[in-house]
Amino acid sequence: MAGRVAIVGVGQTHHTSRRDDVNLPEMVGEAVRAALADAQLSKKDIEAFIFSNMESFEGLLLPDHGMITEVGATGKPGLKVTGGGTTGSEAVGEACNLVSAGLYDITMVVSWQKHDCGDATAGISAAAVPIAAKGLVVGAVSEFAKQALSYINQSGAREEHAAMVRLKADRCACRNPYAHLRLGLKGLDDYLQSGYLVWPIRMLDFCPQSCGACVVILASEERAKKIHKKPVWVVDFEVAHQEPFSAGSFGDPTGTETYSQDVAAARLYKRNGITDVRKQVDMAEIYEPSTWEEMSLYEHFHFCEKNEGWKLIEKGVTEIEGEFPVNPSGGVIASNPIGATPVLRIAEAALQIRGDAGEHQVTRDVKTAIATSLGGPNWTAMFLLKRSL
Amino acid sequence: MAQVTEKLEGMDVWVYHGQIYIPNTYSAGAVGSRFLIELRDNKKIMGTRCPTCNLVYVPARSVCKDCFGELSEWVEVSQKGTLLTYTVAYQSNPIQPVSTPIVYGIVQLDGADTGFVHMLGEVDPEKLKVGTKVKAVFKSKKERQGSILDIKYFKPLG
Amino acid sequence: MSEGSPTKKAEGPEYIRIEFDLPRHYNWSTGRYLGKVYAEAKENKKMVAPRCPTCKHLWARPPAPVCPKCKVDMGWDWVELPLTGTIFQYTYQVYPLWDPHEGERWSNPHPPAIILLDNGIYFRHLLEETDTKKLKEGMRVQAVWEEDYEKRGKGFQDILYFRTIEE
Amino acid sequence: MAERVAIVAVAQTKYHPNRADVSEEELAYEAIKQVLEEAGLTLSDMDSAITCCQDAYDGRTIASLSLQRVVGAHFGHELTVAEDGINAAYVAMAEVLSGHFETVLLVSHMKESQAEKSVIENCAFDAILMRQLGLDYTSAAALQAKRYTDKYGITPEQCAKAVVRNRRNARNNPFAQEPLDITVDDVIRSRMLASPIRLLDTKPISDGSCAMIMTTEEKAKKLTKKLVWIAGVSNCYETHYLGDRELADCDALVKAAKKAYSMAGIDDPLSQIDVAEISTEYSYQEPLWLEGLGFCGRGEGGKLVDSISLEMGGQLPVNPSGGVLPGNPNGVAGMARIAESVLQLRGEAGTRQVDGAKVALAHGYTGICGQHQAVMILSNM
């Protein structure tokens, strides 16, 4: 990139299933104020805004326009990007571009979803055009059910491994005051009592629909060093999209296609000289819509060899105290305001690098972290963040 | 509703007349709820004041557009005001609460610094002018539900 | 159609929520590529797919004017698909989710599946068998057409579902 | 800007009231195929794609799913801007300037004909305070039109003159949907939609797509001799609630224009800009936006529209293409303004060419009563 960019402020709301006490713009405003406070900046300092959200879930048009006052963007430049689940990452990417292009010194990414406005699963089902695929796509959940079946068949993972992923997420979420589902699950039995949503995905295997917002403030190198004593550097990012598959929407369940995760990871790691991820990177926040997907993603992001993702969870490698912590925030299975979910991954990774994650700060000293997202028909975005340049 | 697939004449192209139907619900939040409840229960029109900019926002809002300050000072404003602009809309759509033509207007209530977007009633559009004095007409207590439509419309004074 | 619905909790303040309960209507077009599939299904009870001039892959669901992988113009070379195959994978809904295109809870009992057609193409469709205990991956299946010409004209849905067969 | 970004190719479909004969994917591909041919490039040469579409109009969550294949997104980068096409151009420019991507494909498409326009537009209004009133873009625009014309004494005839000129200019534009030879009288006698806006004060329902390719200075020089540069760009939001805004003054546009002018080194827009393509979905917007763009003082837009200086051959030809009024989809309109500006600066605008055009202004807006305004200055120098 032409100019270097750092994260100088992050803010998020408490994530929950329903927010009656605020309207949509007010909820987003909470995260804006939190991020401004974190960066010790005021509304005046923000030069441009990038908004990220999937408006179909709230049944809105131009949702950014409705919250201009509440996010402090009156009289400011900005625009809204959209897309699949990766939209938040792509918003952060574009906000970085605006800075490294030299157009602005300080930009803000505003991301949210307020799922109490409408049924997100129905919204995702509407990603199928009825004229081509009526009655075949049932939310994201049926697609991840197919993905889970493939993973089970190919890797030999068992239901107890999915349970381990779920229990890890819950232990982490219970240490993160902002997380949505903080269930206090005790063990395998709690997991097995959870009913099926779409076989073989249980209610507890899958991400919730959360109301929440996340805001990240980005600054140019010169300004970043003045604004925050611990700026987190956005060293690189990578995106790989893919067309809808003939067979499945989220990843190819047939195992015959290359995954966008493998492609994005290979490109990002090559550019940055990463050959051994678990050694050279200290932790990861990944977008895992289901327990099974988390294990599969370990493999696609090269945290381990193919078909060995479940062994990482079995050995406790990815726990908060583990050798390579993954999703110490509780991840997406615990909190999922979709438009904000990728931005939360980046914000949480930044907090870990700063050492400001509080109770869910990982044991390993985090100098380098990756934050990923997933969306559309298996789209991937990855960010590489570092403590020092 | 009927969902029909129809072939275009003279070419192998089909058009599917269908729908997307997902109900949506929007929370008014604490400030918005209090504003709507005052309409419903007390027939009062409430605003919030920004002490920094000395602006009274009506309907009540939680944030000042200029200084980004959070607004917590409630004020009741007059039910009478001045018409800032209006239109007579002839095109129908399924959301409109009454049948067309509908007269929409923006009214600056006495004591408010912003306009209030609503409808006008009991009016001869020919005689309407920017600057016309108007006052709020509420629905009956039974009809009021805690919505912007609890005000039936604004009508010209006198 | 839209009104305030008060939500009162046992304690605490009352919050208002405003509901909008309104379908949006659309006229979706097949366009020319998907239209070709519709035409062959209706007139000839055939399923066809375009073939990429470069990689020769068939892009069945849905067909496209560009080969996604070669990124070249697809051209207009159509190939008939065999309508027998094996169940590669299937799933079924346990909790009835909302169908945005019907505007009601999902009611189609037929399990969605990925079928590996006998020419090696993966094809998404529904299975006739609703008793999921009787289903197994690898089972042989065959397409069942809507036989009534007047009722055809719905593209992929002109195939009602895939029926398990014994060979 | 340290580096320069070039637009090396543009393409548009002919705008049409109903393109039921194609899918969204095929509609977008019509423009993409042309733009690639014009640039002598293939989809594999693109490093990134910016699409511009809206779920609510396409009737599809993640509307860009329809476009992944025709923009060549396989294992590449694609991003959707859910606003007017001019904002997609802004994002693409930042991608090139940042050094992140070298060559970017942009495409904007919309089929207004396939959706219920007013029902969708209503979803853009605040759900608690405005949506239940049944407002749509036209009824809200009418509130702005009345406020503006009343405050500054702009007459219906002045607004109608903008319509007459735009519709007439469109006769020279092969992409135009509905060129017309009409009089001021025809406009002010057409059917009233929402006073003071009449049928001919606004645009017809429109389908179409527009595509372009942006790249670095270095690569552009290898691709073409007819170089068009982005010299300045900015955009700006206003607050949402209509009662909070002075609808007669377009403050967001004033700010956006000032920033774009300062980037491009323009201090006297009327003399330094050779041709302006501005997005006016309603006739009153032409004088209002011209004020916002600084071509005249506040309240003087009516007089400017009255004068001959906006005609072809005048001091500032406005909308040689005919602009939006003869028919552009609202999400495509701003990108179409850039496309026309590029054609003008390349000297390829045929019978509507502004002789010797060196600096062009493209304007676009998104939202209710122009809540978000965007300006781009292009130059061939």
Side-chain angles (χ1 to χ4, degrees), chain A residues 16-30 32-33 36-37 41-46 54-61 63 66-76 108 114-135 139 211, chain B residues 1-8 11-37 46-50 52-53 55-72 93-95 113-115 117 146-148:
Chain A
T16 180
S17 56
R18 189 160 158 174
R19 284 296 300 272
D20 285 347
D21 61 322
V22 284
N23 65 25
L24 198 159
E26 289 164 352
M27 181 191 78
V28 180
E30 287 178 1
V32 172
R33 285 172 199 276
L36 286 171
L41 292 173
S42 79
K43 171 213 173 191
K44 286 197 185 80
D45 300 310
I46 307 302
M54 292 177 75
E55 61 243 43
S56 291
F57 296 161
E58 281 126 0
L60 296 175
L61 184 69
M67 58 179 62
I68 293 308
T69 292
E70 287 79 357
V71 303
T74 315
K76 300 277 176 89
M108 178 183 270
K114 198 163 186 292
H115 278 311
D116 62 359
C117 296
D119 179 347
T121 294
I124 292 172
S125 297
V129 192
I131 200 157
K134 193 162 182 292
C211 296
Chain B
M1 60 151 284
Q3 294 168 26
V4 199
T5 309
E6 167 201 19
K7 186 179 179 300
L8 293 189
M11 57 178 95
D12 280 340
V13 174
W14 272 255
V15 172
Y16 173 65
H17 304 283
Q19 63 171 358
I20 292 182
Y21 182 20
I22 307 172
N24 293 109
T25 308
Y26 305 94
S27 57
V31 172
S33 295
R34 178 165 169 193
F35 170 77
L36 297 175
I37 289 166
M46 302 296 290
T48 43
R49 188 175 158 273
C50 175
T52 313
C53 306
L55 286 175
V56 174
Y57 287 88
V58 181
R61 240 70 55 74
S62 57
V63 178
C64 174
K65 72 184 162 84
D66 290 335
C67 74
F68 196 46
E70 291 179 283
L71 310 180
S72 55
N93 69 48
I95 309 111
D113 292 299
T114 62
V117 184
S147 123
I148 195 71

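Every value quoted in this text rests on a predicted model; they were computed, and no experiment measured them. Convention: sequence-line order gives letters A, B, ...; per-chain numbering from 1. Values reported hereafter were calculated over all heavy atoms of this structure, with side chains retained and with hydrogens, waters and symmetry mates removed.
The choice from A:D21, A:V129, A:L24 that makes the most heavy-atom pairs within less than 4.5 Å of chain B is A:D21.
Side-chain N or O atoms of B:T48 include one that pairs as donor or acceptor with a backbone N or O of B:R61 at under 3.5 Å. The backbone N or O of A:C117 sits less than 3.5 Å from a side-chain atom of B:N24, completing a donor-acceptor pair.
At a 4.5 Å heavy-atom cutoff, the contact between A:V71 and chain B is made by backbone atoms alone. Contact annotation for A:K114: only side-chain heavy atoms (C-beta onward) come within less than 4.5 Å of a heavy atom of chain B. The contact between A:E26 and chain B is made entirely by side chain atoms (from C-beta outward), counting heavy-atom distances below 4.5 Å.
Remark: A:R19 CZ to A:E30 CD distance equals 4.0 Å, nearest 0.5 Å. Here the straight-line distance linking atom CZ of A:R33 with atom OG of A:S42 works out to 11.5 Å at 0.5 Å rounding.
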